[in-house]
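Sharing a structure below in C-alpha cells format, with a few things to ask.
Predicted model, so just to flag it, every value in this text is computed and none were measured.
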Amino acid sequence: MTAITKEYIKEQVKEKNVRFLRLMFTDILGIIKNVEVPITQLDKVLDGEMMFDGSSIEGFVRIQESDMYLKPDFNTWLVFSWETDSSKKGKVARLICDIVNPDGTPFTGDPRTNLKRVLKEAEELGFTDFNLGPEPEFFLFKLNENDEVTENLNDNGGYFDLAPNDLAENCRRDIVLELEDLGFEIEASHHEVAPGQHEIDWKYANAVEACDNIQTFKLIVKTVARKYGLHATFMAKPIFGINGSGMHCNMSLFNENGNAFFDEKGPLQLSETAYKFLAGLMDHAPAFTAITNPTVNSYKRLVPGYEAPVYIAWSGRNRTPMIRVPESRGMSTRLEVRSVDPMTNPYLALAVMLKAGLDGIKRDLKATEPTTDNIYEMDAAELDSLGINSLPGNLLEAVESLKKDDTIIEALGEHIFKNFVATKTLEWDQYKATVSQWEKEQYLHLY
C-alpha cells in the first residue's frame with residue numbers, strides 16, 4: 001500500500017469537491033466518534049492541531065485535563081460518495097485519528113494507539129505482521145413511519161436464501177457496492193441463518209487497518225440501511241429464540257519467512273508457533289471474553305443451541321468449539337476465534353487476543369488435543385473428563401476473570417483497564433436492578 005501524503009489529500013479535496021472533514025476515532029466502548037470541520041480547517045487538521053474535549057468521551061479523561069489533539073492517519077483518507085449531493089454542497093471525507101496528549105505524547109486511553117503498543121511487542125519477538133479477517137454479522141429491522149426502530153425484521157429468510165425470502169438483498173448489494181467504492185475487497189455477501197440476519201466478509205488486512213475497516217463497515221451498513229427504511233444493528237442477541245450475531249476473527253502471524261502458523265511437516269500442517277499461540281488464547285479466554293463480548297447482551301448469545309461457541313476448546317472442521325482451524329494452508333493458515341461478537345471494540349479485541357497468543361509463545365504453552373465431537377451433545381462428566389471448561393456465563397463473571405489476569409490487564413494498559421471495569425461494573429449493576437418483561441410475565445399474576 002502506497003503511503004498517502006498531505007499533497008495527495010489536498011489534490012483529492014479539489015478534485016472531488018470535498019467541503020467537510022470527519023475526524024473519526026473510537027472510544028473505549030467501541031463507539032465511533034467524530035469531529036466534523038469545514039474544509040477551511042484542512043491545514044490545521046493535516047498538521048495534527050485540531051483539539052477536542054476529551055472529558056466528553058466515555059472513559060477518556062477527567063474534566064480538569066480535557067484538551068486532547070486529533071492526529072490523523074493519512075492512510076485512512078476516504079471520500080464518501082453517499083454523504084451529500086456533490087453537485088450542490090460538496091462531499092464529506094474522513095480521516096481516522098489517534099488521540100494525542102497536549103504535550104504530544106500518545107494518549108494511553110486511545111484503543112487504536114493501545115493496539116499499536118501491543119503490536120510492537122509482537123515485532124520485538126520477530127513477527128512482522130498480525131493479520132485479521134473478520135466476519136461480522138448484523139440484523140436489519142424495519143423503521144416505522146416516524147423513522148423509529150421497530151422490532152419487525154425485514155424478512156423471513158434463512159442461510160444463503162435469495163429473494164423473495166431475502167427482502168434485503170438489494171440493500172445488502174448496495175452496501176457491498178459502497179464498500180467496494182471505498183477500497184474493500186469483498187469476498188462474500190449472504191443471508192445468515194436467522195431471519196433478518198446478514199453477513200458480509202472482506203479480505204484480511206493488518207491488525208490496525210482491519211479494525212479501521214470494521215468501524216468503517218459499521219458506518220456504511222447503518223447509513224445504507226437507513227436509505228432502505230431499515231435499521232442495522234450489531235447487537236449480539238436482539239431477539240430471543242434465534243441465532244445471535246457473531247464476528248468470527250480469522251487471525252494469522254507473519255515473520256520474515258512468511259506465515260508463522262504454517263508448517264508443511266507439522267501436525268495438521270500447523271507450526272509450533274501456531275499451537276503455542278492457540279494455547280495462549282485458550283489459557284486467557286475467560287479474561288479476554290470481557291473485551292470480546294463486552295455487554296450484558298453478549299452472554300444471551302453465548303448459550304448452547306444457537307451455533308455460538310460456549311466451551312474453551314479447539315478443532316479443525318468441528319464448529320462447536322471456541323477456536324477452529326479452517327482448511328486453508330500455506331499463506332492462508334489461520335486460527336478462527338468464533339466467540340467474538342460485533343459489539344466489541346475491535347482495537348481492544350485484537351490487542352487482548354494478540355497478547356494472549358504471544359503469552360502462549362513466550363511461556364511455551366502446550367495446546368490440548370483437538371475436540372472432534374459435537375461439544376453441545378456432551379454431558380458435564382464428558383466435558384470434565386476432557387478438561388473442557390466453559391466461557392464466562394455473564395458479564396460479571398467475565399469482568400471478574402479479567403480482573404485476575406495480569407497478562408490481559410497489561411494488554412489494555414492501566415487507563416483502559418480501570419475505565420473499562422468501572423463502566424462494565426456499572427452496566428451490570430444497572431442490569432441487575434432492572435425488572436424485565438420476562439419477570440413480569442412469570443410472577444406478576446402468579447404472586
Spatial distance of atom CZ (Arg334) from atom CG (Leu270) [nearest 0.5 Å]
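If we round to the nearest 0.5 Å, Arg334:CZ and Leu270:CG are 12.0 Å apart.
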Exercise. Consider only side-chain N and O atoms of Glu256 and Thr128, and report whether a donor and an acceptor are under 3.5 Å apart.
Key: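 There is no such pair between these side chains.
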Notebook entry, point to check: Do the rings of Phe217 and Trp202 sit parallel, tilted or perpendicular, given the 30° and 60° boundaries?
Noted result: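 It falls in the tilted class, 30° to 60°.
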*asked:* Is it the case that the side chain of Thr76 and the backbone of Ile96 share a donor-acceptor pair, with hydrogens and angles ignored and the cut-off at 3.5 Å?
replied: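 The answer is yes, because a donor-acceptor pair under 3.5 Å joins these two groups.
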Item to complete: Applying side chain to side chain contact (heavy atoms under 4.5 Å, CB included), name anything that partners Asp406, two or more places apart in sequence or on another chain.
Response: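 By the side chain to side chain contact (heavy atoms under 4.5 Å, CB included) rule, Asp406 matches Ile409.
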Partners of Asp212 by salt bridge (Lys or Arg N to Asp or Glu O under 4.0 Å), sequence neighbours excluded?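 Asp212 satisfies salt bridge (Lys or Arg N to Asp or Glu O under 4.0 Å) with Arg112 only.
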Kindly list each side-chain donor-acceptor pair under 3.5 angstrom involving residues 363-371, sequence neighbours excluded, with atom names and distances?
residue	atom	partner	partner atom	Å
Arg363	NH1	Asp283	OD2	3.1
Arg363	NH1	Asp359	OD2	2.7
Asp364	OD1	Lys276	NZ	2.9

**Message:** So, using side chain to side chain donor-acceptor pair (under 3.5 Å) as the criterion, who are the partners of Glu49 when residues are at least two apart?
**Reply:**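 Checked Glu49 against side chain to side chain donor-acceptor pair (under 3.5 Å); zero matches.
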- Could you tell me whether Glu187 atom CD has more than 12 heavy atoms of other residues or ligands within 6.0 Å of it?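 Yes, enclosed.
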Nearest heavy atoms of Asp27 and Lys33, plus distance in Å =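 Heavy-atom minimum between the residues: OD2-CE, 3.4 Å.
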Who pairs with Trp77 by ring-ring contact (aromatic ring centres under 6.0 Å, His included), at least two apart in sequence or on another chain?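 If we apply the ring-ring contact (aromatic ring centres under 6.0 Å, His included) test to Trp77, skipping adjacent residues, there are no hits.
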Looking at Lys203, I'd like to know if its NZ atom is crowded, meaning that more than 12 non-hydrogen atoms belonging to other residues, nucleotides or ligands lie closer than 6.0 Å.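 Open.
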*Are Lys116 and Asp98 close enough for a salt bridge, meaning some N to O gap below 4.0 Å?*
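Salt bridge between Lys116 and Asp98, a charged N being under 4.0 Å from a carboxylate O: yes.
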Check your understanding: Is it true that the side chains of Thr295 and Asn297 contain a donor and an acceptor less than 3.5 Å apart?
Key ->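 The criterion, which ignores hydrogens and geometry beyond distance, is not satisfied for Asn297 and Thr295.
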| query | For Arg324, which residues count as a side chain to side chain donor-acceptor pair (under 3.5 Å) partner, sequence neighbours excluded? | reply |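 Partners of Arg324 by the side chain to side chain donor-acceptor pair (under 3.5 Å) criterion, ordered by chain and then number, come out as Glu336.
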- So, does Asp201 use its side chain to make a donor-acceptor pair with the main chain of Glu135 at under 3.5 Å?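 Answer holds: no.
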- Task: Would you please name every residue forming a salt bridge (Lys or Arg N to Asp or Glu O under 4.0 Å) with Glu382, sequence neighbours left out?
- Result: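 Salt bridge (Lys or Arg N to Asp or Glu O under 4.0 Å) list for Glu382, sorted by chain: empty.
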Problem set entry | CD on Glu137 to CD1 on Ile200, rounded to 0.5 Å |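 Output value for this atom pair is 11.5 Å.
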**Study point:** Side chain Asp110, main chain Ile99, donor-acceptor under 3.5 Å
**Key:**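 Here the side-chain-to-backbone pair exists.
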**Asked** Is Lys403 salt-bridged to Glu400, going by a charged N under 4.0 Å from an acidic O?
**Response**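 Between Glu400 and Lys403 there is a salt bridge, with a charged N closer than 4.0 Å to a carboxylate O.
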Q. Do the side chains of Phe74 and Thr5 get nearer than 4.5 Å, heavy atoms only?
A.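 Answer no - side chains too far apart.
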Lys44: which residues meet the salt bridge (Lys or Arg N to Asp or Glu O under 4.0 Å) condition with it, sequence neighbours left out?
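Lys44 satisfies salt bridge (Lys or Arg N to Asp or Glu O under 4.0 Å) with no residue once adjacent residues are dropped.
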Report task. Determine, step by step, whether Phe184 and Thr216 satisfy the side-chain contact (heavy atoms from CB on, under 4.5 Å) criterion, reporting the C-alpha distance in whole Å, the side-chain angles of both residues, the deciding distance to 0.1 Å, and the verdict. Result -> CA-CA 10 Å; Phe184 282 68; Thr216 302; 4.1 Å; yes
**Prompt:** Does Lys6 pair with Asp43 as a salt bridge, N-O distance under 4.0 Å?
**Reply:**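 No, no charged N to carboxylate O under 4.0 Å.
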Note to self: Is it the case that the side chains of Ser81 and Asp181 hold a donor-acceptor pair, with the cut-off being a distance below 3.5 Å and no angle test?
What the structure shows: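 No pair is found: no donor N or O on one side chain lies under 3.5 Å from an acceptor on the other.
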Practice item. Please check if the distance between the ring centroids of Phe52 and Phe25 is under 6.0 Å. Key: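 Yes, ring centres under 6.0 Å apart.
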In chain order, what residues pass the side chain to side chain donor-acceptor pair (under 3.5 Å) check against Glu327, with sequence neighbours excluded?
->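 In terms of side chain to side chain donor-acceptor pair (under 3.5 Å), with neighbours along the sequence ignored, Glu327 is linked to Arg317.
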| Counting only heavy atoms not in Lys71, do more than 12 sit closer than 6.0 Å to its NZ atom? |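 Check fails, neighbour count at 12 or below.
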**Message:** Against Val18, only a single residue in Ile9, Leu42, Val79, Val92 fulfils side-chain contact (heavy atoms from CB on, under 4.5 Å); can you say which?
**Reply:**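 Exactly one candidate clears the test, Val79.
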**Request:** Could you check if a side-chain atom of Pro309 sits within less than 4.5 angstrom of a side-chain atom of Arg301, using non-hydrogen atoms only?
**Result:**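 In contact.
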Side-chain contact, heavy-atom cut-off 4.5 Å: Leu95 with Leu70?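 The answer is no; the side chains never approach within 4.5 Å.
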Asn293 and Thr289: side chain donor to acceptor below 3.5 Å: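 Their side chains do not contain a donor-acceptor pair, so the 3.5 Å distance test is not met.
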List in chain and number order the residues that pass salt bridge (Lys or Arg N to Asp or Glu O under 4.0 Å) with Lys424, two or more places apart in sequence or in another chain; answer none if no residue qualifies.
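Testing Lys424 for salt bridge (Lys or Arg N to Asp or Glu O under 4.0 Å), a comparison that skips the adjacent residues, returns Glu427.
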Kindly indicate whether the side chain of Phe420, heavy atoms from C-beta on, has any atom under 4.5 Å from the side chain of Ile291.
->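 Counting from C-beta outward, Phe420 and Ile291 do come under 4.5 Å.
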Tell me which pairs pass salt bridge (Lys or Arg N to Asp or Glu O under 4.0 Å) where either residue lies in residues 344-354, with sequence neighbours left out.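 Listed once each, the pairs would be none.
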Parallel, tilted or perpendicular: which fits the ring planes of Phe107 and His415, with parallel below 30° and perpendicular above 60°?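 Rings of Phe107 and His415: perpendicular, over 60°.
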Applying ring pair (Phe, Tyr, Trp, His ring centres under 6.0 Å) as the test, list every pair that has at least one member in residues 277-304; sequence neighbours left out.
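Sorted result for residues 277-304: Phe261-Phe277.
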